[in-house]
J.: 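Just dropping this structure here.
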There are 2 protein chains.
Amino acid sequence: MKHEQLRLSNQLCFPVYAASRLIIREYQPYLDKLRITYPQYLVLMVLWENDGITVNDITDKLVLKTNTVTPLLKRMESLGIISRNRSGEDERKVLITLTDKGKKMKLVASSIPGLLVDKLKDGALTMEQLVELRTNLNILIDYLQNREDSR
Amino acid sequence: MKHEQLRLSNQLCFPVYAASRLIIREYQPYLDKLRITYPQYLVLMVLWENDGITVNDITDKLVLKTNTVTPLLKRMESLGIISRNRSGEDERKVLITLTDKGKKMKLVASSIPGLLVDKLKDGALTMEQLVELRTNLNILIDYLQNREDSR
DNA sequence: TTTCTTTATATCGCAAGCGATATAAATATT
DNA sequence: AATATTTATATCGCTTGCGATATAAAGAAA
């Protein structure tokens with residue numbers, strides 16, 4: 001019984017880690033055309049949904065830390081796709097806004113996820129299984145994030 | 001219909017990526033006691049199962065590239081948990097073997113995955129859902145790896 | 001209003017992860 | 001045998017990810 005758990009776990013944590021990298025690799029050719037990386041694409045997705053938010057807002061949504069996000073945003077600023085400005089109301093906050101260049105990328109970028117799903121759907125999993133997978137992952141994420149917050 | 005796909009995908013690729021990092025964070029306190037990282041732990045798991053294999057064998061099993069694995073193994077060598085030796089039969093190959101120190105870590109390390117599953121099981125997902133999640137991820141991984149190989 | 005604490009962001013150092021490229025041994029071709 | 005190709009590993013340069021620590025503004029407590 002204990003042995004079974006041990007094997008399952010080896011086959012749970014590692015698959016998530018491997019799948020993550022494989023999916024990002026699958027994204028890469030499309031992102032190359034936009035000259036951005038996957039984490040940069042995630043930042044853009046957050047901003048397209050909600051422009052003018054703070055560094056911490058982005059940090060929370062992407063489940064990252066500021067020591068990852070600050071340099072990431074600086075690189076995106078130097079690429080000319082976002083701008084970083086201190087808030088007038090609260091000088092501690094840095095507001096992140098899309099530049100025109102960043103806004104224009106939305107049209108091309110928003111077609112990418114659909115292409116990915118088309119590949120996976122039926123090729124690998126049915127739509128139902130994809131939904132099931134997403135649901136289970138989101139439950140896991142919520143659980144682990146709540147554990148983190150209460151520490 | 002197309003909109004639905006787009007939303008699902010945003011909620012599929014990102015959850016895998018976020019879950020991966022959250023699970024590794026959950027592993028970290030246990031790995032800290034052994035003074036190793038998660039990727040180093042994965043290498044050890046491979047070697048405990050199959051000692052004396054080549055760099056490429058490890059690379060394949062972990063779905064990584066040599067430019068990641070070679071430095072990783074060098075760090076593990078300098079930690080004294082593995083040794084790297086050129087094969088006599090084929091001078092191109094480097095054989096990786098566990099040192100006594102590396103072998104001894106198995107006992108402590110093998111208890112870690114069980115602790116993780118205990119946390120997740122029922123706290124987040126049922127055993128059935130964990131199995132379901134693992135199954136779907138493995139199908140996805142097989143599919144994406146086969147796509148990669150045929151390129 | 002001074003001092004203490006919290007909040008928001010940034011910096012540092014190091015380990016992954018990876019595309020591109022290099023090197024050298026093994027194998028195939030001519 | 002000489003040359004070309006393939007295979008196995010390594011190196012370089014860059015981005016990400018994160019623990020630990022720093023800094024400065026805002027808010028609370030004294």
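Throughout, a chain's letter reflects where its sequence line sits, starting with A, and its residues are numbered from 1. Computation of the quantities below employed the complete heavy-atom set of this structure, encompassing side-chain atoms and omitting hydrogens, waters and symmetry-equivalent molecules.
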J.: Give the rounded distance in Å between these two atoms: CG of A:Leu95 and P of C:dA8.
T.: 12 Å
J.: Taking the side chain as every heavy atom from C-beta outward, state whether B:Asn136 and B:Leu140 have any atom pair closer than 4.5 Å.
T.: no
J.: Could you tell me whether a side-chain N or O of A:Gln145 sits under 3.5 Å from a main-chain N or O of A:Asp142, the two making a donor and an acceptor?
T.: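 No; judged by distance alone, with no hydrogens or angles, the pair does not exist.
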J.: Which part of the nucleic acid does B:Thr66 contact within heavy-atom distance under 4.0 Å: base, sugar-phosphate only, or nothing?
T.: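 Base, at least one base atom sits under 4.0 Å.
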J.: Taking the minimum atom-to-atom distance to the side chain of A:Pro39, which one of D:dT16, C:dG17, C:dA10 wins?
T.: D:dT16
J.: With a 4.0 Å cut-off on heavy atoms, is B:Thr68 in touch with a base, just the backbone sugar-phosphate, or nothing at all?
T.: base
J.: CG of B:Leu72 versus C1' of C:dA15: gap in Å, rounded?
T.: 9 Å
J.: Under 4.0 Å, heavy atoms only, any strand: does A:Gln40 hit a base, just the sugar-phosphate, or nothing?
T.: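 Contact class for A:Gln40: sugar-phosphate only.
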J.: Within this structure, what is the OH-to-C1' distance between B:Tyr27 and D:dG17, rounded to whole angstrom?
T.: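 My rounded result for the distance is 19 Å.
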J.: Compare all side-chain heavy atoms of A:Asp57 with those of A:Asn50 and state whether any distance is below 4.5 angstrom.
T.: no
J.: Is any side-chain nitrogen or oxygen of B:Asn56 closer than 4.0 Å to OP1 or OP2 of D:dT7?
T.: no
J.: What nucleic acid atoms does A:Asp90 come within less than 4.0 Å of, heavy atoms only: base, sugar-phosphate, or nothing?
T.: sugar-phosphate
J.: Give a yes or no on whether a donor-acceptor pair under 3.5 Å exists between the nucleobase atoms of D:dG19, that is its base, and the side chain of A:Asn67.
T.: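 Check passes, donor-acceptor contact within cut-off.
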J.: Mind checking if A:Arg25 touches a base, just sugar-phosphate, or nothing, with heavy atoms under 4.0 Å?
T.: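 Contact class for A:Arg25: sugar-phosphate only.
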J.: What is the distance, to the nearest angstrom, from the OH atom on B:Tyr17 to the P atom on D:dC18?
T.: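 Answer to the nearest Å: 7 Å.
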J.: Between B:Glu89 and B:Lys65, who's closer to the 5' end of DNA chain C by nearest nucleotide?
T.: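 Here B:Lys65 is the residue nearer the 5' end.
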J.: Counting N and O atoms only, with roles assigned by atom type, does the side chain of B:Arg86 sit under 3.5 Å from a partner on the main chain of B:Arg92, one being a donor and the other an acceptor?
T.: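 Here the side-chain-to-backbone pair exists.
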J.: Within the side chain of B:Ser110, is there an N or O that forms a donor-acceptor pair under 3.5 Å with the backbone of B:Leu107?
T.: yes
J.: Whole-Å distance between C:dA16 P and B:Met76 CE?
T.: 9 Å
J.: Is the distance between the ring centroids of B:Tyr38 and A:Tyr17 under 6.0 Å?
T.: yes
J.: Once Watson-Crick and G-U wobble pairs under 3.5 Å are found, how is DNA chain D written in dot-bracket notation, 5' to 3', with | for any base paired to another strand?
T.: ||||||||||||||||||||||||||||||
J.: Are the charged groups of A:Lys61 and A:Glu49 less than 4.0 angstrom apart, N to O?
T.: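 So A:Lys61 does not pair with A:Glu49 through a salt bridge.
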J.: Name the residue closer to the 5' end of DNA chain D, choosing between B:Gln28 and A:Pro71 according to the nucleotide with the nearest heavy atom.
T.: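 The residue closer to the strand's 5' end, by nearest nucleotide, is A:Pro71.
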J.: Can you tell me if B:Thr135 uses its side chain to pair, donor with acceptor, with the backbone of B:Val131 under 3.5 Å?
T.: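 Yes, the answer is positive, given that a donor and an acceptor are paired below the 3.5 Å cut-off.
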J.: Does D:dT11 have OP1 or OP2 under 4.0 Å away from a side-chain N or O of B:Thr70?
T.: no
J.: Using a cut-off of 4.0 Å on non-hydrogen atoms, how would the nucleic acid contact of A:Thr59 be classed: base, sugar-phosphate, or nothing?
T.: nothing
J.: Measure from CG on B:Leu79 to C1' on C:dA15 and round the result to the nearest Å.
T.: 11 Å
J.: OP1, OP2 of C:dT9 versus side-chain N and O of A:Arg86: anything below 4.0 Å?
T.: no
J.: In the single-linkage hydrophobic clustering (I, L, V, M, F, W, Y; side-chain heavy atoms under 4.5 Å), do B:Val55 and B:Leu95 co-cluster?
T.: no
J.: Of the nucleotides D:dT9, C:dT9, C:dC18, which has the atom closest to the A:Val94 side chain?
T.: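 The answer is C:dT9.
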J.: How long is the line joining OH of A:Tyr38 and C1' of D:dC14, in whole Å?
T.: 20 Å
J.: Rounded off to whole Å, could you give me the CG-to-P distance for the B:Leu64 and C:dA16 pair?
T.: 10 Å
J.: At less than 3.5 Å, do the side-chain atoms of B:Arg92 and the base atoms of D:dT7 form a donor-acceptor pair?
T.: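 Side chain to base: pair present.
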J.: According to a strict under-4.0 Å criterion, is A:Lys74 in side-chain N/O contact with OP1 or OP2 of C:dT11?
T.: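 For C:dT11, OP1/OP2 do have a side-chain N/O of A:Lys74 under 4.0 Å.
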